[in-house]
Amino acid sequence: MEKLKKACTGKGCINKSCSDFKKKLDSRINRIEGQIRGIGKMLNNRVNCDEVLNQISSVKSALNGVAKLILESHIRNCVVNDIKAGEENNTITELVATLNKMIDKSNKKIKEEFPEIVRKIEVQVGKIKNLVEAEHCNDVLNEISNVKGELDGLSKKILENHIKNCIVKGIREGEEDKVITDLLYTLNKMIK
């Protein structure tokens with residue numbers, strides 16, 4: 001992670017006075033929104049399952065990048081300032097809870113259909129943008145964790161359909177080396 005300049009310290013972790021940091025976050029979040037819309041289009045156009053899963057993996061990676069930037073800023077600014085102000089108990093409790101949510105891999109089952117899932121994720125990414133504007137760093141990190149959980153659920157649903165349909169079909173058609181190689185490549189990207 002890059003070192004955040006001391007000039008970016010201030011009341012909030014996502015300090016509006018640090019325009020470079022804010023621009024970087026805005027740019028990354030806008031790119032994520034575009035990727036989510038792209039996933040929706042891919043699903044509507046019945047694009048190859050491996051390609052959709054790879055795109056989901058890219059979105060999760062991009063979300064991790066945003067989370068890391070905000071987490072570093074939060075620790076360097078809010079956490080440090082709160083501890084110096086004698087508010088370490090609440091700050092540490094909140095930080096640990098946030099980190100646990102970021103690390104937890106959800107086993108949540110998704111019941112919605114693909115278009116509803118994508119719309120839900122789009123709304124959540126919009127919420128992230130609003131939270132960044134309001135400088136609510138813990139809320140941003142929690143919402144990123146929620147989006148990653150939804151993306152994990154979407155990935156699981158696509159993967160299950162892919163295995164039931166595409167992999168079985170490919171094996172039946174004698175293309176087992178190709179479909180298995182593609183599946184293993186996709187799984188390798190998903191499991192990080």
Side-chain angles (χ1 to χ4, degrees), residues 1-39 55-110 112 117-156 189-192:
M1 285 187 268
E2 65 189 62
K3 295 270 184 195
L4 297 174
K5 299 174 188 170
K6 281 289 182 188
C8 293
T9 62
K11 185 175 181 182
C13 300
I14 308 167
N15 193 332
K16 291 179 183 171
S17 67
C18 185
S19 62
D20 289 343
F21 181 68
K22 183 76 172 63
K23 284 179 188 175
K24 192 179 290 189
L25 284 178
D26 288 343
S27 174
R28 287 178 180 222
I29 293 169
N30 288 336
R31 194 173 312 121
I32 291 167
E33 282 183 316
Q35 289 174 302
I36 297 295
R37 284 190 297 275
I39 290 170
Q55 186 64 23
I56 290 171
S57 179
S58 294
V59 172
K60 288 170 49 181
S61 178
L63 284 166
N64 283 336
V66 170
K68 288 175 186 176
L69 281 175
I70 293 170
L71 184 61
E72 180 181 3
S73 178
H74 178 60
I75 291 169
R76 289 183 183 277
N77 296 297
C78 299
V79 172
V80 168
N81 291 338
D82 287 351
I83 290 172
K84 286 181 178 179
E87 300 173 18
E88 65 186 73
N89 289 338
N90 289 337
T91 300
I92 297 302
T93 300
E94 191 175 84
L95 179 61
V96 168
T98 297
L99 291 173
N100 283 334
K101 287 179 186 176
M102 290 177 70
I103 293 168
D104 184 33
K105 298 291 183 187
S106 175
N107 287 324
K108 177 178 150 181
K109 296 276 185 187
I110 294 201
E112 298 102 339
I117 298 169
V118 171
R119 278 193 291 279
K120 184 176 181 182
I121 294 170
E122 286 175 337
V123 168
Q124 288 173 310
V125 172
K127 188 174 179 183
I128 290 170
K129 282 179 82 169
N130 293 334
L131 291 168
V132 165
E133 276 300 314
E135 301 184 18
H136 295 286
C137 49
N138 277 324
D139 294 338
V140 173
L141 294 170
N142 288 331
E143 197 61 35
I144 287 172
S145 295
N146 291 338
V147 171
K148 287 172 49 180
E150 294 294 334
L151 287 166
D152 285 342
L154 179 60
S155 293
K156 289 175 190 176
K189 289 188 78 173
M190 288 177 69
I191 303 171
K192 287 186 179 181

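From a predicted model like this one, the values you see are computed outputs, not experimental measurements.
Take N30 and apply the side chain to side chain contact (heavy atoms under 4.5 Å, CB included) test, not counting sequence neighbours, and it matches E33, K129. Listed by chain and residue number, nothing satisfies the side-chain hydrogen bond (donor to acceptor under 3.5 Å, both in side chains) test with R37 (two or more places apart in sequence, or in another chain). Applying the side-chain hydrogen bond (donor to acceptor under 3.5 Å, both in side chains) criterion to N64, with sequence neighbours excluded, gives K148. Take D26 and apply the side-chain hydrogen bond (donor to acceptor under 3.5 Å, both in side chains) test, not counting sequence neighbours, and it matches K22. A search for salt bridge (charged side-chain N to carboxylate O under 4.0 Å, His left out) contacts involving R31 returns nothing, not counting sequence neighbours. With sequence neighbours excluded, the residues satisfying side-chain hydrogen bond (donor to acceptor under 3.5 Å, both in side chains) with D82 are T91.
Residues D139 and K127 are not paired through a salt bridge, judged by the lack of any N-O separation under 4.0 Å between the basic side chain and the carboxylate.
Considering I70, N77, L71 in turn, N77 is the only one that fulfils the side chain to side chain contact (heavy atoms under 4.5 Å, CB included) rule with S73.
Side-chain atoms of I128 and L63, non-hydrogen and from C-beta on, do get closer than 4.5 Å to each other. In this structure the side chain of V59 never reaches within 4.5 angstrom of the side chain of I121, judged on heavy atoms. Contact of the I39 side chain with the L154 side chain is registered, since non-hydrogen atoms from C-beta on lie closer than 4.5 Å.
In this structure, CG in N138 is found 4.0 Å from CD in E94, a value given to the nearest 0.5 Å.
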